[in-house]
Amino acid sequence: MIWGHVAVSAASGLDATWQALLAAAAGDAARAARFGLALDAETGWQWRDATSGDAAGAALSALYLPFIQPLHPASAFRVFGHLGQSLDGCVATDSGDACFVTGEANIVHLHRMRALADAVIVGAGTVANDDPLLTTRLVPGPNAVRVVIDPNARLPGRHRLFQDGACPTLHCCRAACTNGPPLPGVGRLDLPDHDPDSGALGLDLHALCMRLSERGLRRLFVEGGGVTVSRFLRVGLLERLQVAVAPVLIGHGRPGVSLPGVDRLSEALRPASRVFRMGSDILYELDLTEAPSPAETRDQTLARVR
Ligand SMILES: NC(=O)c1ccc[n+]([C@@H]2O[C@H](COP(=O)([O-])OP(=O)(O)OC[C@H]3O[C@@H](n4cnc5c(N)ncnc54)[C@H](OP(=O)(O)O)[C@@H]3O)[C@@H](O)[C@H]2O)c1
């Protein structure tokens, strides 16, 4: 089922829906209520009149409400990830060119996710290649805190997000890293590595999320690249993964999701999903919190379909 076409530009119905979502994300219940979005103690943010609004506003609401719903009391944070990839699974060319794999509607979607997030997280590879700003300049809404995972402090500090002062920026490095002094005007988070027995690689991402949560940054958006999103996925921190697929074939390039392989397709991750159209791209949103339905055995599947 395609949930709707998420439009690029803001028509009036979209404007009101977006303002309601922004208010709810900021915890401003009075303002959200003026746009028809009310906070219910049991069910979270709900539209007072489910039948009002246009189709574009409904698609916007369906896509973004799960990100801004109140956290479960036992949860310290919520993490959504996103990748924009080619039909053949690349997020960039081998040389690192990713401008742009997906189209304008998906880029606007990224800005919307940033506006609703408390923090937007990227890996050092993305900053080195793209020199991104990670601001919300294409949509109304606040900038999120920018978080760069750079374990060995290899980024020189000349990148725009370390320089522009547009919003707070955190540089996350390995606690033992002595490479270079802290960057002026940029916060530094020193992090431990994952326990080597856990099988996970690199910096302890749960510790990162907890440190961000302690600073009041609980709605976290991992925007790339493939290595960073895959590491969050592998350690089970992603609540949802959005993969926007563009009708382009790169041939060979930097991979999107990369996980240890499985021998049988019955062992593959096959989470519940939703689908949204974004211009000529298709966004798949995978819900990684739902228990997968019991997989058929291979023999059962073959008996059913052959
Ligand atoms: N299409 C898209 O959606 C999209 C989005 C973003 C970026 N991109 C493109 O993707 C490319 C970059 O992606 P990428 O996958 O190569 O790199 P990346 O994910 O941006 O960065 C990977 C690097 O970040 C650091 N890192 C991330 N998580 C870590 C952890 N848990 N522990 C320790 N270090 C961690 C490591 O730095 P070290 O290497 O220093 O160890 C790692 O090699 C660029 O070409 C960019 O243009 C595409």
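Just so you know, ligand 1 is whichever comes first in the structure, and atom 1 is the first atom listed for that ligand.
- In this pair, Phe80 and Phe67 present their aromatic rings tilted. The plane angle is within the 30 to 60° band.
- Surrounding CZ of Arg160 are more than 12 heavy atoms belonging to other residues, nucleotides or ligands, all under 6.0 Å away.
- In the hydrophobic clustering of ILVMFWY residues, with side-chain heavy atoms under 4.5 Å counting as a link, Val235 and Leu269 come out together.
- In this structure, ligand 1 sits under 4.0 Å from heavy atoms belonging to Leu83, Gly84, Val91, Ala92, Gly96, Ala98, Gly123, Ala124, Gly125, Thr126, Asn129, Asp130, Ile149, Pro151, Arg154, Gly202, Leu203, Leu205, Glu223, Gly224, Gly225, Gly226, Val227, Thr228, Arg231, Arg254.
- Of the residues listed (Asn179, Asp190, Asp204, Asp193), the one engaging Arg174 in a side-chain contact (heavy atoms from CB on, under 4.5 Å) is Asp193, and it is the only one.
- For Ser198 and Asp195, the side-chain atoms include no donor-acceptor pair closer than 3.5 Å.
- If you look at His82 and His109, their ring centroids are closer than 6.0 Å.
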